[in-house]
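So that the names make sense, note that chain A is the first sequence line, chain B the second, and so on, each numbered from 1.
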Amino acid sequence: MALLDYFLRKKEKQATTASKAKERLQIIVAHERNSRNKQPDYLPQLTADILEVLRKYIKVTDESFSINLDNKGGDLNVLELNIELNDEHSMN
Amino acid sequence: MARIIVVTSGKGGVGKTTSSAAIGLGLALKGQKVVLIDFDIGLRNLDLIMGCERRVVYDFVNVINGEATLNQALIKDKRVSSLSILPASQTRDKDALNKENVGKVLEELGKIYDYIVCDSPAGIEAGAMMALYYADEAIVTTNPEVSSVRDSDRILGMLASRSRRAELGLEPIKEHLLLTRYSPKRVDDGEMLSVEDVVDILSIPLLGVIPESQAVLKASNAGEPVILDTESDAGKAYQDVVDRLMGETVDFRFLHAKKKGILSRMFGG
């Protein structure tokens with residue numbers, strides 16, 4: 001029987017529990033990494049750059065400014081900027 | 001500047017303390033000044049693995065609270081004079097550590113030591129976050145098993161987002177994979193994830209592979225870190241890890257089952 005096992009072993013390998021483990025891990029790890037990395041790493045620098053440009057023209061305090069990158073489901077990502085203008089910049 | 005290395009994993013029982021003890025002692029044997037810190041407040045165990053449990057007088061939290069000086073709390077290893085251990089406290093509450101006071105202690109230690117090895121508690125709670133916060137490098141200890149690999153990936157996320165280096169936008173923590181309790185035979189039989197599988201999934205550089213070994217239990221029974229058992233596979237594998245940490249290039253060993261002859265493979269036995 002050992003002789004038979006030896007020749008059959010190669011075929012069996014395809015469905016080992018180890019390969020099942022690897023497949024399951026790859027899927028769950030990729031999924032968890034995705035939800036973890038919602039904010040791209042350029043966001044802090046982008047925020048700093050935008051603030052710098054704005055401040056050339058208007059007074060913006062940190063509290064009157066917010067930036068948000070939202071995934072609206074699927075491929076749709078929205079970059080949202082909120083800048084509160086105080087009186088001296090109002091339209092009138 | 002001392003290298004601050006955290007030994008971490010997410011999951012418990014994978015070999016963080018065993019690895020911290022072996023690596024710390026190994027570095028000291030190579031002439032480095034090393035301090036081993038137990039961050040597992042409330043569940044002190046590094047002292048036991050190091051064999052100095054009866055010499056603990058003051059602990060990490062005593063130092064933080066100003067009840068003892070660092071010198072009073074540090075335990076000098078009896079085997080290697082350049083190695084010290086800072087034990088965790090056994091009874092105090094877990095919130096005793098915070099970024100500010102831990103930072104001060106690490107800064108003091110950094111003036112004296114070349115390596116600060118932080119043995120992290122399991123989990124992703126405050127204690128584990130404290131252990132990794134100031135790290136320059138992380139040894140992510142992983143068993144070739146699904147829950148351990150998943151938890152390690154979780155910890156990799158924490159290293160990248162919750163550490164001091166991440167908060168200050170500095171160069172990220174250098175990550176190392178340490179695969180422990182590895183059974184080449186079970187890998188060959190398709191019962192265990194292989195080194196390649198785990199490296200593939202976690203995609204961080206491999207620091208070492210420690211084979212499953214009876215020497216590890218014997219070592220903790222005796223309070224003699226397994227790296228001192230120079231005859232054992234595990235001891236040799238930890239020695240390789242230490243050499244690699246110090247910049248040497250060392251081939252990986254113990255990755256394959258001992259080859260049986262073709263005849264015994266075909267006819268059993």
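- For B:Asp243, the salt bridge (charged side-chain N to carboxylate O under 4.0 Å, His left out) criterion is met by B:Lys30, not counting sequence neighbours.
- Top candidate by heavy-atom pairs under 4.5 Å with chain B, chosen from A:Lys20, A:Arg24, A:Lys22, is A:Lys22.
- Looking at every heavy atom in both residues, A:Ala21 comes nearest to B:Leu193 through CB-CD2, 3.9 Å.
- Residues of residues 132-163 of chain B placed with any heavy atom under 4.5 Å of a heavy atom in chain A are listed by number as B:Val146, B:Val149, B:Arg150, B:Asp153, B:Arg154, B:Gly157.
- Side chains of B:Asp189 and A:Thr16 form no contact here, defined as non-hydrogen atoms less than 4.5 Å apart.
- Near-neighbour residues of residues 194-211 of chain B relative to chain A, defined by a heavy atom under 4.5 Å from a heavy atom of that chain, comprise B:Asp197, B:Asp200, B:Ile201, B:Leu202, B:Ser203.
- For A:Gln26, the CD atom is densely surrounded, since the number of other residues' heavy atoms within 6.0 Å is greater than 12.
- Along residues 164-184 of chain B, no residue comes nearer than 4.5 angstrom to chain A, judged on non-hydrogen atoms.
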